[in-house]
Amino acid sequence: MAAAPLKEAINLEESMEGNVLALKDLLHIGPLQKGTHDFFSQARTAYWNEVILNEKDKPVKVDDLERLMEVSTALSNNEEATVWIWMAPWPADVCAYYWALTHLKKHLGRIYLLNIAGLPFLNEEGKVYYPKNLSEIAPKELVKARKLAREVTPAELEVDGEEWENIVAANTGVRVLEGGKKISSKEETHYDKSLISFCSQQYQKASKIVRQALSKLNIPTADTHLGWRLSQLAEQGILDIQGPTNKTLTDFSVKLAGGEEIPAEEETTTDSEETA
């Protein structure tokens with residue numbers, strides 16, 4: 001989603017010509033290493049194949065590192081080439097920045113960062129707003145924003161490189177953005193209480209629980225991760241589950257474990273939920 005408006009912006013402005021590499025992985029969730037003999041891509045692939053409940057979407061292959069190495073090779077083959085990292089105030093973006101920087105550090109001097117955190121943009125109505133994701137920004141606004149790109153400094157490389165090493169060493173299940181570029185490592189249970197708060201003694205579709213958590217609490221993570229946590233809570237006996245969990249979030253329902261069961265009501269979707 002973030003890549004789409006950027007590609008449109010390139011079509012609008014000739015001076016922005018270049019290739020867009022959209023990273024598929026979300027590095028703010030899941031382990032970053034798994035055993036001493038597993039390579040990064042293997043560990044991330046194993047995580048996503050566990051988290052994604054829908055059997056139709058498996059197997060998943062994570063190849064971001066391999067594609068990033070192609071970028072590094074292109075920089076080595078063309079001394080005039082540069083790479084721009086577009087970063088929004090979102091934990092996945094900040095983690096991707098740290099990760100990419102460590103693998104491109106030998107090209108320091110040709111790495112640029114465009115951080116939109118705290119930058120005002122104009123929406124379609126001409127009103128000022130502060131986007132949380134690049135996908136929210138109109139292509140013409142991205143053309144203007146490109147002027148704010150700046151070269152990553154040696155000091156940043158040292159500090160941010162150490163920050164990523166600390167994040168990898170912690171190797172927790174969730175990473176949250178505290179502000180700026182500050183990432184805090186949390187356990188994989190970090191969002192469990194939020195999910196449970198939307199559960200009751202009445203069976204509700206997992207999709208509804210996840211949708212409410214994402215929209216009402218603005219949880220910055222993937223719906224697949226939250227759906228997986230619901231299934232994990234059921235395995236722990238905290239929730240009761242009804243229906244198959246190997247299809248989609250709309251195919252199974254959950255409720256609080258124990259107590260008298262309240263008959264389930266047919267799920268309805270409000271306009272606000274659809275918008276969210």
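All of these numbers come straight from a predicted model, not from anything done at the bench.
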Transitive ILVMFWY side-chain link L32 to L177, under 4.5 Å:
yes
NZ/NE/NH1/NH2 to OD/OE distance under 4.0 Å, E70 and R67:
no
Which heavy atom in Q33 sits nearest to a heavy atom in A169, and how many Å separate them?
NE2-CA, 4.2 Å
H225 vs W228 aromatic rings, parallel, tilted or perpendicular, using cut-offs 30° and 60°?
tilted
To the nearest 0.5 angstrom, please state how far the CG atom of L233 sits from the SG atom of C199.
8.0 Å
Value rounded to 0.5 Å, distance of OG1 in T189 from CG in L195:
11.0 Å
Going by atom types only, do S72 and H103 share a side-chain donor-acceptor pair under 3.5 Å?
no
Working to the nearest 0.5 angstrom, can you tell me the gap between W86 CH2 and R146 CZ?
8.5 Å
Approximate separation, where rounding is to 0.5 Å, of E50 CD and T224 OG1
12.0 Å
Between K61 and E66 (salt bridge meaning N to carboxylate O under 4.0 Å), is one present in this structure?
no
Going from CG on L75 to CD1 on I111, what distance comes out if it is rounded to the nearest 0.5 angstrom?
7.5 Å
Carboxylate-amine/guanidinium contact E156 K105, below 4.0 Å
no
Under 4.5 Å between side-chain heavy atoms, counting indirect links through other Ile/Leu/Val/Met/Phe/Trp/Tyr residues: same cluster for L114 and L157 or not?
no
Rounded to the nearest 0.5 Å, how far apart are CH2 of W48 and CG of D25?
6.5 Å
Within the 3.5 Å criterion, strictly below it, is a donor on E178 or S184 matched to an acceptor on the partner's side chain?
yes
